[in-house]
Amino acid sequence: MLEACFQDLVTWMAGRFGKGVYHAAALYRQVFRQGRLAPEELEQFSLSGDLAKRVKKEIRFRLPELADKVSEDGVTKMVFRLADGVRIESVIIPMATHFTLCVSTQAGCRMGCRFCRTGQMGFVRNLEAGEIVGQVLAAKTWLGYEIRNLVFMGMGEPLDNFDNFVKAVKVLEDQRGLNIAKGRMTVSTAGLVDGIYALAAEGLSPLKLAVSLNAPEDDLRSYLMPLNRRHRLRELIRALQAYPLPPKGHILIEYVLIEGVNDSREHADQLADLVRYLPAKVNLIACNPDPRGSFRPPPAKVLEAFRQTLVENGIFVRVRSSKGRGILAACGQLGRPAATAVC
Ligand code: SF4
């Protein structure tokens with residue numbers, strides 16, 4: 001049921017029980033605000049005979065099972081076991097007044113980015129819309145976190161699971177339920193150009209778009225992110241230029257800095273040239289140790305020099321700290337090797 005948008009529920013209640021918006025709205029509110037299915041407790045159901053019992057019998061409502069939970073520096077990684085035993089991870093990140101949840105959209109990922117643990121575990125399966133929504137509902141209603149912002153930067157490439165991702169966004173933003181505004185959601189892509197155009201066509205603005213760029217020229221980017229062999233940088237930048245943004249909106253360019261690979265002054269100049277004509281803000285993130293141990297973060301002074309070069313080029317840039325490294329909850333650290341991905 002967690003994948004049902006409000007209209008689906010109205011249609012189902014009408015077709016199955018001859019009931020309408022009144023009952024559907026009450027049930028929808030209870031499920032998505034309290035995280036439980038208990039129609040027998042709803043006043044709206046009390047005068048309708050055994051309706052509550054019949055509804056309960058027919059609706060499948062299941063939050064993902066919390067298999068593990070670890071915390072460090074206020075960051076909490078939740079490991080969920082889905083109905084078929086597949087494990088996925090979500091990360092709760094504390095902000096000054098609320099929490100941001102980093103949500104997974106796939107178990108594993110087929111993009112194969114070299115610096116990413118999820119990429120190295122391979123693809124297991126797409127998450128259903130209800131499994132995407134379930135991570136948010138579990139963090140909010142079961143664990144009591146005040147989740148205000150969502151970043152779809154967990155396991156998987158969201159635009160590679162397009163239909164389920166879009167369906168989940170529509171459920172998450174519904175004011176009768178979880179009520180998380182689209183402007184508080186950020187979807188991060190490795191650069192699936194078709195997906196960016198499709199997202200633009202969905203009219204989901206002001207949903208925010210982040211792009212994991214990580215290299216300013218094609219050869220290096222293709223080495224780090226095999227997807228670049230399919231969609232070259234020029235094609236990607238064109239898609240970003242066409243993405244509809246709200247007034248004063250921007251695209252977030254994520255750049256993971258890897259010592260001796262993409263952290264030189266020349267790389268910074270090339271990056272500035274690439275993003276100069278985009279309404280973009282650049283986030284620099286020192287890489288986390290990769291599964292094979294071949295990538296390392298640059299020394300602090302190299303990172304600072306890179307940042308300074310971008311600033312001198314007139315680019316808006318900030319350095320993002322990577323919390324939760326010790327519990328493998330930071331960027332690029334989610335997931336297990338393929339052999340243990342499925343229980
Ligand atoms: S960085 Fe994102 S797109 Fe690339 S492998 Fe990891 S999860 Fe997939």
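For the numbers below, each heavy atom of this structure counts, side chains included, while hydrogens, waters and symmetry mates do not. Ligands are counted one by one from 1 in listed order, and the atoms in each one are counted from 1 as well.
Taking CZ of F32 as the reference point, atom OG1 of T141 lies at 10.5 Å (rounded to 0.5 Å).
A salt bridge links R276 to D273: one of the charged nitrogens lies within less than 4.0 Å of a carboxylate oxygen. With respect to E304 and R307, a salt bridge is recorded, a charged nitrogen being found less than 4.0 Å from a carboxylate O.
Legend: salt bridge (Lys or Arg N to Asp or Glu O under 4.0 Å) pairs involving residues 192-214, not counting sequence neighbours, sorted by first then second residue: K170-E202.
Between K69 and T76 there is a side-chain heavy-atom pair separated by less than 4.5 Å.
When only non-hydrogen protein atoms are considered, atom 2 (Fe) of ligand 1 lies nearest to G156 O, 4.2 Å.
Of the possible polar contacts, none joining the D263 side chain to the P298 backbone as a donor-acceptor pair under 3.5 Å is found.
Legend: protein N/O/S atoms lying under 2.8 Å from atom 4 (Fe) of ligand 1, waters omitted, number 1.
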